[in-house]
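A quick write-up on the structure given underneath.
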2 protein chains.
Amino acid sequence: MGQISTRFSMAVHTLSLIAFSPNECTGDFIAGSVNTNPVVIRRMMGMLKKAGLVDVRPGVGGASLLKDPSEITLLDVYRAVNVTEENQLFRIHENPNIACPVGRNIEQVLQAELRDAQSAMEQRLAQTTLDQLIHKFQ
Amino acid sequence: MGQISTRFSMAVHTLSLIAFSPNECTGDFIAGSVNTNPVVIRRMMGMLKKAGLVDVRPGVGGASLLKDPSEITLLDVYRAVNVTEENQLFRIHENPNIACPVGRNIEQVLQAELRDAQSAMEQRLAQTTLDQLIHKFQ
DNA sequence: CACCGTTGTAACCATTATAGTTATAACCAT
DNA sequence: ATGGTTATAACTATAATGGTTACAACGGTG
């Protein structure tokens, strides 16, 4: 099927929490709201940290956003936690038969189409900011 | 990672082949062009058949398109071979803590966003027809 | 009718990603 | 030093993928 993992939705949840209550967001607290294991949260937070979205305080505990919520888009989060080779959403079968006119060209032709389709999705993700989201949690 | 499987690109390859040379497209021939096992092709062809895109002839061998190539879009192919529950590209973590304002609303808020993002991708896939593709294989 | 290439499936396997879990080391304010 | 926290390794169960072998069913041809 190749669905996009819940790590993405958990990351959005987590960043919303941090923006919402910046003082109490330990891994255990977040895990309690997301309803998963704290290690799952910490692993995902490591990706957000590597992407420069959050700062996590070892020892003392807690995390804070490194950007204003209006500057963090869903695409930023998606790219942070959804690391695939070459950032490709679609995979293409490898080594088709180059003796066949279809096999010879399929990769290049499809790649252009799929890049555009992925791009359309990402542009939509880029239009929504964390700030817009948290306003819907009243 | 949750990338979309190569079954999709193999299906596009297969349909292009059938449109290209409608007379010699047995499972083995297609498998030779895609460079995979014939059973993988037959499994995927079963999905295309179920979706009403192709007709396969048991015994005699070969397959043919049930629609004009100008009437088959990449979205049709994507939907045929990429069957996920509820046709959802994105998964969302389940049972968040409803005692938390974020946990209580995250699913509904995210679902709307992700549905739109998925829709943007699908609309781009719907813009490309098989006919357009095979013209690029000259 | 018998043959033979083909399709349709079931069954099995190796690989990979995910999500959860336990355990342990490192961190740091008190 | 203590205690709560983060960081990370290691292990597990589950699931999807892609490949493979095997075999039954199909259907034209000799």
Side-chain angles (χ1 to χ4, degrees), chain A residues 1-11 13-14 17-18 22-32 34-50 54-64 78 81-85 88-96, chain B residues 1-11 13-14 17-18 22-32 34-51 53-64 78 81-85 88-96:
Chain A
M1 303 203 207
Q3 284 175 291
I4 288 159
S5 97
T6 58
R7 197 165 52 226
F8 176 42
S9 69
M10 290 193 290
H13 187 147
T14 295
L17 266 186
I18 298 175
N23 295 321
E24 43 186 345
C25 282
T26 66
D28 280 35
F29 175 81
I30 296 169
V34 171
N35 189 26
T36 185
N37 190 289
V39 177
V40 174
I41 297 296
R42 290 204 286 265
R43 263 197 303 238
M44 174 268 291
M45 295 272 280
M47 296 181 175
L48 297 180
K49 198 172 70 168
K50 188 177 294 184
V54 300
D55 178 47
V56 187
R57 293 175 290 274
V60 51
S64 52
Y78 174 77
V81 300
N82 222 281
V83 281
T84 69
E85 52 171 341
Q88 302 265 349
L89 174 61
F90 295 90
R91 290 182 58 206
I92 298 184
H93 58 288
E94 294 176 345
N95 304 316
Chain B
M1 302 206 213
Q3 284 175 292
I4 287 160
S5 99
T6 59
R7 197 164 54 226
F8 176 41
S9 69
M10 290 192 290
H13 186 147
T14 295
L17 266 186
I18 298 174
N23 295 322
E24 42 185 346
C25 282
T26 67
D28 280 35
F29 175 81
I30 297 170
V34 171
N35 189 26
T36 183
N37 191 289
V39 177
V40 174
I41 296 297
R42 290 203 287 264
R43 265 198 302 238
M44 175 267 292
M45 296 273 279
M47 295 181 176
L48 297 180
K49 199 173 68 169
K50 188 177 294 184
L53 295 181
V54 300
D55 178 47
V56 186
R57 294 175 288 273
V60 52
S64 52
Y78 174 77
V81 300
N82 222 281
V83 281
T84 69
E85 52 172 342
Q88 302 265 349
L89 174 61
F90 295 90
R91 291 181 59 205
I92 299 184
H93 58 288
E94 294 177 345
N95 303 316

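All heavy atoms count here, side chains included; hydrogens, waters and symmetry mates do not.
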- Are OP1 or OP2 of dG28(D) and a side-chain N or O of Arg57(B) less than 4.0 angstrom apart? no
Regarding the side chain of Val39(A), the nearest nucleotide among dA10(C), dT7(C), dA9(D) is dA9(D)
So, the side chain of Arg91(A) versus the backbone of Gln3(B): is there a donor-acceptor pair under 3.5 Å, distance only?
no
Applying ring pair (Phe, Tyr, Trp, His ring centres under 6.0 Å) to Phe29(B) and not counting sequence neighbours gives none
From NZ of Lys50(A) across to P of dT8(D) the rounded distance in Å is 8 Å
Against the side chain of Arg43(B), the closest entry in dC27(C), dA9(D), dG18(D) is dG18(D)
When rounded to whole Å, the CD1 to C1' distance for the pair Ile41(A) and dA19(C) reads 11 Å
- Item | Any Lys49(A) side-chain N or O less than 4.0 Å from OP1/OP2 of dT6(D) | no
To the nearest angstrom, the CZ-P distance between Arg91(A) and dT15(C) comes to 15 Å
Whole-Å distance, Asn23(A) CG to dA29(C) P, equals 16 Å
By nearest-nucleotide position on DNA chain D, the 5'-leaning member of Val81(B) and Val60(B) is Val81(B)
Here the pair of heavy atoms bringing Ala63(B) nearest to Met45(B) is CB-CE, 3.6 Å
When rounded to whole Å, the CE to P distance for the pair Met47(A) and dA17(C) reads 11 Å
Would you say dG20(C) has OP1 or OP2 under 4.0 Å from some side-chain N or O of Thr36(A)?
-> yes
Taking dG19(D), dA22(D), dT6(D) as options, the one with an atom nearest any side-chain atom of Val56(A) is dT6(D)
Kindly assign one of parallel, tilted or perpendicular to the pair Phe8(A) and Phe90(B), based on the angle between their ring planes and the thresholds 30° and 60°.
-> tilted
Met44(A) CE to dT6(D) C1', in whole Å, measures 14 Å
Atom CD of Gln3(A) and atom C1' of dT16(C) are separated, to the nearest Å, by 17 Å
Side-chain donor/acceptor of Ser9(B) to backbone N/O of His93(A), under 3.5 Å: yes
Tell me what Gly46(B) touches on the nucleic acid: a base, only sugar-phosphate, or nothing, going by heavy atoms under 4.0 Å. nothing
| What is the nucleic acid contact for Gly59(B), judged by heavy atoms within less than 4.0 Å: base, sugar-phosphate only, or nothing? | base
When both distances are under 3.5 Å in a Watson-Crick or G-U wobble arrangement, the nucleotide paired with dT30(C) is dA1(D)
Per atom distances to the Pro58(A) side chain, the nearest of dT22(C), dC26(D), dT6(D) is dT6(D)
Partner of His13(B) under side chain to side chain contact (heavy atoms under 4.5 Å, CB included), picked from Val34(B), Thr36(B), Asn35(B), is Val34(B)
**Asked** Under 4.0 Å between a side-chain N/O of Thr6(A) and OP1 or OP2 of dA19(C), yes or no?
**Response** yes
Side-chain contact check for Arg42(A): nearest option of dT7(C), dT20(D), dT8(D) is dT8(D)
Whole-Å distance, Asp55(B) CG to dG8(C) P, equals 9 Å
Could you tell me whether the phosphate oxygens of dG18(D), OP1 or OP2, come under 4.0 Å of any side-chain nitrogen or oxygen in Ser5(B)?
yes
